[in-house]
Asks: 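What follows is a single structure, and I will ask about it in a moment.
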Amino acid sequence: MVKYGLDYTRCRWILPLLLGIGVIFGIIALAGWGWLESQTLPYVLQASLWQICRRGDQGGAWSCESLMGYAWGRAAAATYLVGFLLLVICFALAIIAFAIDTLRFNFIRGIGGLLFVAAVFSIMGLVIYPVKFSSEIEMTGINMFSWAYGFGWTTAIMEICLGFFFCCLPNYEDQILGNVKPTYFYSSP
């Protein structure tokens, strides 16, 4: 990618591909059951972004309760969902931006700014959830925030990193498009 620039056809789609991976991670975080789980026996607690399920110590049936009954549950779900929707919009815009033969660098910088806004919303949801969950819901035993919660944080980190990359990319427009004569540091004696 550095040698050929974004005009090189195979490297051109790396950024939209990374955004697509971020979308997949976001879907896993939204649909996953592993936001909070019991870490040790007896496994009596399991929660997602949407609901919490408990079972008795004797291993009975799981009883589930929606987290949408709590104001913080709605706030965490809404802010994370808004961040995810902004990520999907950025993914669509990146595909459009990189499909055009001449790259629109101001358009790419706008995608970067929108990714930062998406990261802010995602992080708000990812912070509201554990703070309010641990303070308002009674938990027994040792519990841990698990794999789906980790996918949520991975999505937020990808939004921040790709936001920096999309914002900084227009600064190197001439180098990327090949409009600059290469500078050689070696000169023969």
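Side chains included, hydrogens not; waters and symmetry mates left out as well; all remaining heavy atoms used. For reference, positions follow the sequence shown, starting with 1.
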Asks: If you define the side chain from C-beta out and look only at heavy atoms, does anything of E65 sit under 4.5 Å from R54?
Replies: yes
Asks: Does any non-hydrogen side-chain atom of Q46 lie less than 4.5 Å from one of L36?
Replies: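 Answer no - side chains too far apart.
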Asks: Answer yes if I157 and L49 sit in the same cluster of Ile, Leu, Val, Met, Phe, Trp and Tyr residues linked by side chain heavy atoms under 4.5 Å apart, and no otherwise.
Replies: no
Asks: Taking the side chain as every heavy atom from C-beta outward, state whether W72 and V131 have any pair of such atoms under 4.5 Å apart.
Replies: no
Asks: Quick one: does any side-chain atom of R74 pair with a main-chain N or O of M68 as donor and acceptor, under 3.5 Å?
Replies: yes
Asks: Could you tell me the separation between the CD1 atom of I24 and the OG1 atom of T154, rounded to the nearest 0.5 Å?
Replies: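 Reported value, rounded in 0.5 Å steps: 13.5 Å.
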Asks: What distance separates S63 OG from I52 CD1, expressed to the nearest 0.5 Å?
Replies: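 These two atoms lie 9.0 Å from each other.
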Asks: Please test I28 against T155 for side-chain contact (heavy atoms from CB on, under 4.5 Å), starting from the C-alpha separation and ending with a verdict.
Replies: CA-CA 10 Å; I28 292 171; T155 302; over 6 Å; no
Asks: Identify the heavy atoms of A156 and S122 that sit nearest to each other, and give their distance.
Replies: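 Scanning both residues completely, I find the closest heavy atoms to be CB-CB, 4.2 Å.
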Asks: Decide if atom CZ of F133 counts as having more than 12 heavy atoms of other residues, nucleotides or ligands within a radius under 6.0 Å.
Replies: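 Yes, enclosed.
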Asks: Atom CG in L19, atom CZ in F165: separation rounded to 0.5 Å?
Replies: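 The distance works out to 11.5 Å.
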Asks: When you measure from the side chain of S38 to the backbone of L45, do you find a donor-acceptor pair of N or O atoms at a distance under 3.5 Å?
Replies: yes
Asks: Which distance, rounded to the nearest 0.5 Å, do you find between the CD1 of I128 and the CD1 of I123?
Replies: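 I128 CD1 to I123 CD1: 12.0 Å, rounded to 0.5 Å.
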Asks: With a 4.5 Å cut-off on side-chain heavy atoms, are E37 and N143 touching?
Replies: no
Asks: Please find the pair of heavy atoms, one from G26 and one from Y80, that lie closest to each other, and give the distance.
Replies: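 Shortest heavy-atom separation between G26 and Y80 comes out as CA-OH, 4.0 Å.
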Asks: Under 4.5 Å between any side-chain heavy atoms of F166 and R109, yes or no?
Replies: no
Asks: Once ring-ring contact (aromatic ring centres under 6.0 Å, His included) is applied, do any residues pair with F151, and if so which ones, sequence neighbours excluded?
Replies: F25
Asks: If you look at every heavy atom in L126 and P130, which pair is closest and at what distance?
Replies: O-CD, 2.9 Å
Asks: Grab the two heavy atoms, one from F84 and one from I27, that are nearest each other, plus how far apart they are.
Replies: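 Of all heavy-atom pairs spanning F84 and I27, the closest is CZ-CG1, 3.5 Å.
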Asks: Can you name the residues that form a ring-ring contact (aromatic ring centres under 6.0 Å, His included) with F145, not counting sequence neighbours?
Replies: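 Once residues adjacent in sequence are excluded, the partners of F145 under the ring-ring contact (aromatic ring centres under 6.0 Å, His included) criterion are Y149.
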Asks: Under the side-chain contact (heavy atoms from CB on, under 4.5 Å) criterion, do I137 and L67 qualify, and how do the steps go?
Replies: CA-CA 10 Å; I137 293 185; L67 291 176; 3.7 Å; yes
Asks: Shortest non-hydrogen contact from M158 to L18?
Replies: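 Nearest pair, atom of M158 first, then L18: CE-O, 3.2 Å.
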Asks: Are F164 and F116 an aromatic pair, judged by ring center distance below 6.0 Å?
Replies: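 Centroid distance F116-F164: below 6.0 Å, so yes.
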Asks: Please check if the side chain of S48 supplies one atom and the backbone of W33 the other of a donor-acceptor pair under 3.5 Å.
Replies: no
Asks: Would the distance check show the side chain of Q51 and the main-chain N or O of S66 forming a donor-acceptor pair, the cut-off being under 3.5 Å?
Replies: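 No: the side chain of Q51 does not pair with the backbone of S66.
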Asks: Quick one: does any side-chain atom of W35 pair with a main-chain N or O of W50 as donor and acceptor, under 3.5 Å?
Replies: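 Not confirmed, W35 side chain does not pair with W50 backbone.
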Asks: Let me confirm one number: the CD1-CD1 distance from I111 to I95, rounded to the nearest 0.5 Å.
Replies: 10.0 Å
Asks: I need the L86 CG to L115 CG distance, nearest 0.5 Å.
Replies: 9.0 Å
Asks: Of all heavy-atom pairs between A29 and A148, which one has the smallest distance, and what is that distance?
Replies: CB-O, 3.6 Å
